Trainee: 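My questions all concern the structure below.
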Amino acid sequence: MNIPEDYKFSADHEWVKVDGNTALIGISDYAQGELGDIVYIDIDSDIDEIAANETFGSIEAVKTVSDLYAPVSGKVIEINERLEDEPELVNSDPYGEGWLIKVELSDSSQVDNLLSGEDYKKQIGG
Amino acid sequence: MKKTKFYNIHERLGAKLIDFAGYLMPVQYTSIIDEHKAVRNSVGVFDVSHMGEVRIKGERAFDFVQYLTINDVSKLSDGSVQYSAMCNENGGIIDDLLVYRIDENEYFLVINASNIEKDVNWMHKNNSFGVEILNESDEYSLLAVQGPNSRKVLQGICDRKLDLEYYRFFNAKCGGIDMLVSRTGYTGELGYELYFKTDEKKAEEFWDKLFDIGKKYQIQPAGLGARDSLRLEMGFCLYGNDIDETTNPIEAGLGWITKVNKGDFIGRDAILKVKEEGVKRKLVAMISEERVLPRHGYEIALNGEIVGNITSGTLSPILGHPIALGYVDENYIDSDEQLNVKVRNKEIPLTIVKLPFIKK
């Protein structure tokens with residue numbers, strides 16, 4: 001199971017990669033594997049802010065649909081537009097080109113509440 | 001949880017296994033979309049050993065099957081197959097099935113895994129014909145080899161020329177195993193279903209032989225996920241999704257297998273009444289241009305009023321847009337107004353189309 005060390009995880013299988021006061025958010029390799037073929041990332045285009053533990057969209061895979069839960073709170077500053085035409089990037093490169101949104105953290109200490117890669121690995125039984 | 005004879009193979013291939021009707025079955029190996037395309041473009045193999053097989057034997061086997069099922073069994077000759085259904089007295093569908101005529105005193109019924117116990121009980125309950133009802137479901141393995149190159153692959157390991165016409169079958173030795181080879185399938189492609197009784201070791205050896213010989217056609221294992229999207233592109237009903245005991249064959253678009261003039265059968269009176277009065281709703285095929293997928297259970301609305309529900313939906317890997325089946329109130333099927341499917345917090349426009357979704 002692929003789990004990069006410098007990423008933080010939520011129990012809902014989202015990851016957060018912090019860079020100063022901004023953070024990239026995506027879903028874990030485990031989550032994309034469980035979902036299977038991803039065909040659409042449904043994030044509200046007019047979304048301004050996300051709040052920790054609240055949904056900010058959904059991911060459509062061929063066999064199921066899954067809500068996206070925000071792992072942190074913050075202002076949305078970018079949505080990965082490539083996913084519009086290439087949602088399969090979330091399957092092929094969940095920690096890289098398959099990132100979902102970029103946020104400006106409302107409070108960078110909130111990241112401390114997230115799971116480390118090691119802890120997340122334990123949670124998914126890896 | 002039951003396992004098929006190919007369980008070790010699925011594990012070895014890293015398949016994602018799910019509980020389906022009490023069996024651990026592969027839902028996908030690599031990707032539903034890739035497996036789907038492999039079947040449409042070349043050849044794929046499905047382990048569908050969970051399906052049920054019931055043998056009916058006796059002097060009145062024909063009378064029994066004719067009474068039990070809604071299609072006309074008298075149209076079958078030895079070596080031919082028929083798609084049919086069993087209904088209850090209210091015309092509700094107990095199961096859909098394939099009827100194989102071995103000879104005039106022996107029929108072989110292939111039923112859905114989730115219904116085996118219910119179906120066999122139903123058969124016994126209606127056996128006033130003194131026939132033998134042999135549930136051989138646990139003994140049979142079943143592989144579906146489907147796709148335009150399926151004949152070429154199978155011909156390489158079968159001892160008979162595979163000149164079977166659609167919905168015909170014969171016995172042949174394939175990979176050293178005696179099999180019932182049937183030109184049937186659930187994909188809309190050229191394809192064969194192989195029924196055989198063997199142990200795990202021989203089953204695994206057969207699988208390996210099949211994949212060796214199929215290598216030059218890029219043969220792929222395909223799971224239940226691809227099986228579902230392939231059948232949906234053709235508009236084939238899935239029991240439990242599109243049809244069940246609350247649906248009758250007429251509203252489900254199965255009028256073509258419902259032969260009310262063949263004589264008495266279970267459900268005939270109720271079905272005649274439906275035909276006389278007209279259906280209240282119909283199973284229709286729908287497409288959407290958007291990428292949110294309509295799924296089983298979602299409501300269909302027209303001007304804010306609920307007029308139906310989705311029974312099956314997926315992204316068509318071939319068309320690249322969502323396709324769905326669902327029941328819509330008969331009064332709104334030809335409406336000029338926009339039908340929408342309610343997906344979470346929005347409404348997505350749907351267009352009713354003719355089946356199959358994929359024109360071949």
Side-chain angles (χ1 to χ4, degrees), chain A residues 1-2 12-13 27-51 53-70 76 79-94 97-98 100 124-126, chain B residues 14-20 25-39 220 222-233 238 241 288-298 310 312-324 341-348:
Chain A
M1 186 60 59
N2 178 12
D12 299 311
H13 311 288
I27 66 165
S28 73
D29 189 28
Y30 173 80
Q32 71 75 20
E34 287 297 300
L35 286 167
D37 303 80
I38 291 167
V39 295
Y40 184 48
I41 313 295
D42 189 9
I43 296 172
D44 301 334
S45 50
D46 56 356
I47 193 167
D48 296 327
E49 288 196 15
I50 57 169
N53 304 318
E54 289 184 14
T55 62
F56 65 97
S58 51
I59 287 198
E60 292 271 3
V62 171
K63 69 172 199 273
T64 188
V65 60
S66 181
D67 280 332
L68 288 165
Y69 288 95
V76 178
I79 293 175
N80 186 356
E81 284 172 7
R82 278 187 70 189
L83 300 182
E84 180 69 21
D85 294 323
E86 301 168 88
E88 63 276 11
L89 285 174
V90 180
N91 287 124
S92 59
D93 191 10
E97 290 181 332
L100 303 177
I124 59 177
Chain B
K16 188 175 294 174
L17 298 160
I18 55 157
D19 171 9
F20 187 87
M25 298 301 291
V27 63
Q28 70 172 67
Y29 296 85
T30 52
S31 140
I32 292 173
I33 293 175
D34 291 351
E35 291 161 27
H36 181 112
K37 288 179 176 167
V39 172
Q220 295 285 332
L224 295 182
R227 182 170 158 85
D228 188 50
S229 54
L230 285 158
R231 69 90 194 171
L232 190 50
E233 279 186 341
L238 172 63
N241 270 43
S288 143
E289 298 301 321
E290 305 210 17
R291 290 189 293 167
V292 174
L293 299 185
R295 296 177 192 274
H296 181 79
Y298 288 7
I310 301 287
S312 289
T314 191
L315 177 92
S316 160
I318 301 301
L319 300 172
H321 61 68
I323 56 175
V341 57
K342 294 176 82 165
V343 182
R344 296 180 286 283
N345 53 352
K346 49 194 148 192
E347 294 202 350
I348 307 292

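Numbers restart at 1 for each chain; the letters A, B, ... are given by sequence-line order, proteins then strands. In this text the structure is predicted, and so the values were computed from the model without any measurement.
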Trainee: Going by heavy atoms in the side chains, are B/Q28 and A/D37 under 4.5 Å from each other?
Mentor: yes
Trainee: I need the A/K63 NZ to B/D228 CG distance, nearest 0.5 Å.
Mentor: 12.0 Å
Trainee: Just wondering, do A/D42 and B/K346 contact through their side chains at under 4.5 Å, heavy atoms?
Mentor: yes
Trainee: If you count heavy-atom pairs under 4.5 Å with chain A, which of B/D34, B/V27, B/I32 comes out on top?
Mentor: B/I32
Trainee: What part of B/R295 lies closer than 4.5 angstrom to a heavy atom of chain A: side chain, backbone, both or neither?
Mentor: side chain
Trainee: When you look at A/D67 and B/R344, which way does the salt bridge (charged side-chain N to carboxylate O under 4.0 Å, His left out) test go after all the steps?
Mentor: CA-CA 10 Å; A/D67 280 332; B/R344 296 180 286 283; 5.0 Å; no
Trainee: Is it the side chain or the backbone of A/E84 that comes within 4.5 Å of chain B heavy atoms, both, or neither?
Mentor: both
Trainee: Check each atom of B/L315 against the heavy atoms of chain A and say whether the ones under 4.5 Å are side chain, backbone, both or neither.
Mentor: side chain
Trainee: Measuring only between side-chain heavy atoms, which start at C-beta, is A/E88 closer than 4.5 Å to B/S31?
Mentor: no
Trainee: Tell me, do B/L293 and A/V39 make a side-chain contact under 4.5 Å, heavy atoms counted?
Mentor: yes
